2 protein chains.
Amino acid sequence: MTSTEGVGALFDRWQQRRLEPSQCPVRDVLDRLGDKWTSLIVVALAARDHRFAALHRAIPDISKRMLTQTLRDLERDGLVSRHVFPTTPPSVEYRLTPLGHSMLDPLGALVAWAESRHSEIRTARAVFDQRAA
Amino acid sequence: MTSTEGVGALFDRWQQRRLEPSQCPVRDVLDRLGDKWTSLIVVALAARDHRFAALHRAIPDISKRMLTQTLRDLERDGLVSRHVFPTTPPSVEYRLTPLGHSMLDPLGALVAWAESRHSEIRTARAVFDQRAA
DNA sequence: CTGTATCCCCGATGATACTG
DNA sequence: CAGTATCATCGGGGATACAG
């Protein structure tokens, strides 16, 4: 069974079970990955553990507010762990948990798809916009 | 090289190239997948071609407005094709394009991850919320 | 049946200032 | 350094009515 058949079959199972959106694993996961910063933070932490300021330098266009909030959400979901060192000034290190690491394979598959197909998508957009104009 | 190393290495390449967000394939793709309805529509169309009303029945909690808009976005990106049959009343069928089908494998990987890890995530949340309270 | 056009609201995000 | 608190903004998305 290919993944294509798998996704289609999944749809039919969903239809039969009439899942509540709040109980749908896919919405749960994609709602988080889909927000503006989660995937970037996960990718950064995949490369290496980061302290708060280092993460901020790695992703310059995020605000401290959203960096904190996104990290808390990831921590809450068990994807990231937070390690406080009571130095002065304080330092806090963020790491992917094993659960977080386990997401890298499927995320990597999507990233690879995105990179390999991006030019095709951009071309399709240009054509569509041309015809619309 | 595992996908994990791949994602980490990707991060370093991104850092060196200092990509504009608008040119980042991953943001492009995840912004679309991350919206409220795209993934559900793609999964539905993976199972089979759908007419507008059938798609609406398959995903009852979407409004006609957002269904139309999301389908247009998918069409613009070349992931979905639109086929009009000039019957009365009119009927329109939506299908995944080959490009759209090519996304099902990586999307399926993510869906499989989400389903297999969802209980772990829910448990982590419960623990986190308990400690916070 | 397959959409468009409007209006409206709320939540996600940013900016800025402050704190241990 | 690593956040928190507060206010302002903007656009995604719902509801409704209309149209070809």
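Just so it is clear: chains get the letters A, B, ... in the order the sequence lines come, proteins before strands, and each one is counted from 1. No experiment lies behind these values; they were computed from the predicted model shown.
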Heteroatom pairs (N/O) under 3.5 angstrom, protein to nucleotides 5-11 of chain C:
none

Whole-Å distance between [N] [atom2] and [X] [atom1]?
{"X": "Phe52(B)", "N": "dT4(C)", "atom1": "CZ", "atom2": "P", "answer": "8 Å"}
{"X": "His56(A)", "N": "dG14(C)", "atom1": "NE2", "atom2": "C1'", "answer": "11 Å"}
{"X": "Met66(A)", "N": "dC7(D)", "atom1": "CE", "atom2": "C1'", "answer": "16 Å"}
{"X": "Arg27(B)", "N": "dT13(C)", "atom1": "CZ", "atom2": "P", "answer": "12 Å"}
{"X": "Asp31(B)", "N": "dA12(C)", "atom1": "CG", "atom2": "C1'", "answer": "13 Å"}
{"X": "Leu71(B)", "N": "dT2(C)", "atom1": "CG", "atom2": "P", "answer": "11 Å"}
{"X": "Glu93(A)", "N": "dG3(D)", "atom1": "CD", "atom2": "C1'", "answer": "17 Å"}
{"X": "Lys36(A)", "N": "dC10(D)", "atom1": "NZ", "atom2": "P", "answer": "13 Å"}

Taking only side-chain nitrogens and oxygens of [X], does any of them come within less than 4.0 Å of OP1 or OP2 of [N]?
{"X": "Arg72(B)", "N": "dG3(C)", "result": "yes"}
{"X": "Tyr94(A)", "N": "dC1(D)", "result": "no"}
{"X": "Lys64(B)", "N": "dG14(D)", "result": "no"}
{"X": "Arg32(B)", "N": "dG12(D)", "result": "no"}

Are [X] and [Y] close enough for a salt bridge, meaning some N to O gap below 4.0 Å?
{"X": "Arg48(A)", "Y": "Asp12(B)", "result": "yes"}
{"X": "Asp49(A)", "Y": "Arg82(A)", "result": "no"}
{"X": "Arg117(B)", "Y": "Asp28(A)", "result": "no"}
{"X": "Glu120(A)", "Y": "Arg122(A)", "result": "no"}

Testing dG14(D), dT13(C), dC1(D) for proximity to the side chain of Trp37(B), the answer is dG14(D)
Ranking Ile62(B) and Pro90(B) by the position along DNA chain D of their nearest nucleotide, the one closer to 5' is Ile62(B)
Once you measure the plane-to-plane angle for Phe52(B) and Tyr94(B), does it fall in the parallel (<30°), tilted (30-60°) or perpendicular (>60°) bin? tilted
Will you find, in the side chains of Thr38(A) and Asp35(A), an N or O donor that is under 3.5 Å from an N or O acceptor? yes
Hydrogens and angles aside, do His83(B) and Ser81(B) bring a side-chain donor and acceptor to less than 3.5 Å of each other? yes
Taking for each residue the nucleotide of DNA chain C bearing the nearest heavy atom, is the 5' side occupied by Thr68(B) or by Arg57(B)? Arg57(B)
